[in-house]
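See below for the structure under consideration.
Throughout, a chain's letter reflects where its sequence line sits, starting with A, and its residues are numbered from 1.
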2 protein chains.
Amino acid sequence: MEFKHHTAVTLAEVAEAAGVGESTVSRVLRNHGSFSKKTRDRVMEAVERLGYVPNRIAGTLASAGSRLVAFVIPSLSNIVFPDVLRGASSVLEANQHQAVFSVTDYDAEREEALVAAMLAWRPTAVMLAGFEHTEGTVKRLRASGCRVVEMLDLDGTALDLAVGLSNRSAGRTSADFLLKRGYRRIGYVGHDLDRDTRARKRFGGFCEALGAAGFALVDREICAGGSSVESGRLGLERLLARSSLDAVYFSNDDMALGGYFHCLARGISIPSQLAIFGYNGLDIGRVTPQPLSTIRTPRVETGRVAAELVVTDAPPQVVDLGFELIEGATA
Amino acid sequence: MEFKHHTAVTLAEVAEAAGVGESTVSRVLRNHGSFSKKTRDRVMEAVERLGYVPNRIAGTLASAGSRLVAFVIPSLSNIVFPDVLRGASSVLEANQHQAVFSVTDYDAEREEALVAAMLAWRPTAVMLAGFEHTEGTVKRLRASGCRVVEMLDLDGTALDLAVGLSNRSAGRTSADFLLKRGYRRIGYVGHDLDRDTRARKRFGGFCEALGAAGFALVDREICAGGSSVESGRLGLERLLARSSLDAVYFSNDDMALGGYFHCLARGISIPSQLAIFGYNGLDIGRVTPQPLSTIRTPRVETGRVAAELVVTDAPPQVVDLGFELIEGATA
DNA sequence: ATGAAAGCGCTAACAA
DNA sequence: TTGTTAGCGCTTTCAT
């Protein structure tokens, strides 16, 4: 396949072809200002004939905002962030905005570098996960004057806009549920808490609620290598090898599913021998032989609301989307 | 939180502050052309002091490529496309490119509209799924002169670059495997084949291989509402209600997992009573009590290779990344 | 209703 | 090694 290296058609060429001025073409294309129907038709005909595609790079430079929204997210491996992007994407596309993204891999330094790179595109807004950023990130964001949305967390101070839920509260709710159900020897299986600050907050809330009720976590297993179904399965195996427990709280549904599979494979009956509790409320947890007990988080809606706030240029605010306890059958 | 509406610092201001010309600042910043160490230090000092962030909108307009790579993908619900984005994202970030994306929801008309919107940003490349596009999409892409990468399919004619695997061949391999294992009464549970052309090609290859061996598909169930674990579970239930089968081929692992859960819940023993076969080789299938029999696809690598071809401006070519049969224990 | 012209912030010759 | 200047393709006054 051969590509001719012809420079793209410009607005000036369209104007020439239509026999009108450049500004007239611009007005017609943006349907802004006044022009006669006849002029409109001639312009549109020329646009069609030449296959003109407006250059938004030039348009943005000449006028106001870029209508580019930058997502700087921790990961794409877990379905959580794709879900957020999905919610945002539909709103952005409907409002002629474009989503740009990059992945930090839960590294705050990397987040700073990526935010800096994003700001060079003069985005309308930068969407981040959570409240924990480096000083440099905050400084650059502030200086940029662009909107900032911190998503999926509410435990902290927002820079501008925040949309999500309280992870601490979700952790507490989880603990209260397990205690109410009568579980007492409770353990935890999670992934790297240093990097995933939201998982850390859930764990904090969970332990806090146990403590408030006069109990304490019996044991915990932190899996290296991030969150995954496999980590969850191996983590639970290691935990059970050394502690006798009647319930385990997992850092999320992926990990919990791994634990669930471990029990199925070993013939550990759920929940009578061991209860399992997750976080996120993934669809798959509704379809397992026993529905997973977990907390459903508003991931798609977080993306949607975040995007709406941005396209409507809403004033600074914090939107609590809450979460929902799913009793399920594993606890 | 209050944002001062100060216009961002420009290169001209930096030049002024550093007491040098604009082009000198430009050279220093891009480390291109020559300048003295002393000049460099003065410029960098001014950049730091003023908090200057280069404007890539202006830079792109003034010079060559945008270093923007546009992904127009069918979906974000299935982990397949996030995996591709993940593979691409690491390469792009390492090469100072940015990823822009939008979601077609498996709609070719929508793809055309989104491609058109993307082209307005004069991207370095447009990354698409598969070979089936509207005429308008092809025309616009050709006219744009930008690179095009069609991903995750090889059964068809590439516009420019193509990276992925043959779905038809994957379907054939799946059928051959089931036949070799001795299964004869084989059914299919899939999602909307009209929109997901790659799933359709797999199904085509599967039936073709059955036919070549003198057999035929006994029954099939097409689930409305797209691919999901739940669809797979319900689809298998409906299929088994009307046909006696010894093996079922699913359109992908999500669907197959649903089928697997159905069997677990109903006490249908796998694979003796019913064999299950999927597609994708998701990690979760390695951790279920019985590992899922499936085909592993190079999703992350597809993204990685696609991005590498683009950043190196490779000549038009087709890269077959192949696939791997995972025997598993469900067939 | 329409056109001319001045930028938007940068890069890339071209001079000096 | 450094500065000057002419665009890049568009939007936006401001005239007409």
Side-chain angles (χ1 to χ4, degrees), chain A residues 5-44 46-47 50-68 96 119-123 144-146, chain B residues 5-44 46-47 50-68 96 119-123 144-146:
Chain A
H5 184 61
H6 62 91
T7 314
V9 180
T10 67
L11 183 143
E13 298 177 79
V14 173
E16 162 106 62
V20 301
E22 296 188 28
S23 50
T24 301
V25 176
S26 178
R27 281 186 214 107
V28 169
L29 256 26
R30 286 173 304 120
N31 195 32
H32 180 276
S34 52
F35 42 81
S36 70
K37 163 125 183 48
K38 210 182 93 193
T39 301
R40 197 201 108 91
D41 292 343
R42 293 177 47 169
V43 168
M44 293 316 278
V47 165
L50 301 180
Y52 173 65
V53 178
N55 183 331
R56 293 236 328 205
I57 302 276
T60 299
L61 183 60
S63 68
S66 65
R67 289 176 167 261
L68 236 30
Q96 289 77 247
L119 289 175
W121 285 102
R122 300 294 188 265
S144 75
C146 80
Chain B
H5 184 60
H6 61 91
T7 313
V9 180
T10 67
L11 183 143
E13 297 177 81
V14 174
E16 161 106 64
V20 301
E22 296 188 28
S23 52
T24 300
V25 176
S26 179
R27 281 186 215 107
V28 169
L29 254 28
R30 287 173 304 125
N31 195 33
H32 179 279
S34 54
F35 42 81
S36 69
K37 164 130 184 46
K38 209 182 93 193
T39 302
R40 196 200 111 89
D41 292 343
R42 293 177 48 172
V43 168
M44 293 315 279
V47 164
L50 302 180
Y52 172 66
V53 178
N55 183 333
R56 287 216 2 184
I57 302 276
T60 298
L61 184 60
S63 68
S66 66
R67 287 174 169 263
L68 236 31
Q96 288 79 246
L119 289 176
W121 286 101
R122 300 295 186 267
S144 75
C146 80

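Counting only heavy atoms from C-beta outward, the side chains of B:Arg56 and A:Arg122 never approach each other to under 4.5 Å. Using a 4.5 Å cut-off on side-chain heavy atoms (C-beta onward), B:Thr24 and B:Arg27 make contact. Between A:Pro54 and A:Leu11, the closest side-chain pair of non-hydrogen atoms is not below 4.5 Å. Counting heavy atoms from C-beta outward, B:Thr60 and B:Trp121 have side chains that stay 4.5 Å or more apart.
Summarising the geometry, atom CG belonging to A:Asn55 is positioned 9.5 Å from atom OG belonging to B:Ser66; distances are rounded to the nearest 0.5 Å. Taking CZ of A:Phe35 as the start and OG of A:Ser26 as the end, the distance is 10.5 Å to the nearest 0.5 Å. Distance check: A:Ser34 OG to A:Arg40 CZ gives 14.0 Å after rounding to the nearest 0.5 Å.
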Protein-nucleotides 1-3 of chain D N/O pairs under 3.5 Å:
unit_1, atom_1, unit_2, atom_2, d
D:dT1, OP2, B:Ser34, OG, 2.6
D:dT2, OP1, B:Ser36, OG, 3.1
D:dT2, OP1, B:Thr39, OG1, 2.3
D:dT2, OP2, B:Ser36, N, 2.7
D:dT2, OP2, B:Thr39, OG1, 3.0
D:dG3, OP2, B:Gly21, N, 2.7
D:dG3, OP2, B:Thr24, OG1, 2.7
D:dG3, N7, B:Ser23, OG, 3.0
D:dG3, N7, B:Arg27, NH2, 3.1
D:dG3, O6, B:Arg27, NH2, 2.5

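A pairwise comparison of heavy atoms in A:Val9 and A:Glu13 identifies CA-OE2, 3.4 Å as the closest pair. Taking each heavy atom of A:Val43 and A:Ala18 in turn, the nearest pair found is CA-CB, 4.1 Å.
Nucleotide D:dG9 holds its P atom 16 Å from the CG atom of A:Leu29, rounded to whole Å.
With a cutoff of under 4.0 Å to any heavy atom of chain A, the contacted region of DNA chain C is bounded 5' to 3' by C:dA1 to C:dG9.
For DNA chain C, the neighbouring residues in residues 55-63 of chain B, judged by any heavy atom under 4.0 Å, are B:Asn55, B:Ala58, B:Gly59, B:Ala62, B:Ser63.
Listed for the A:Ser63 side chain is a donor-acceptor partner under 3.5 Å among the backbone atoms of A:Gly59.
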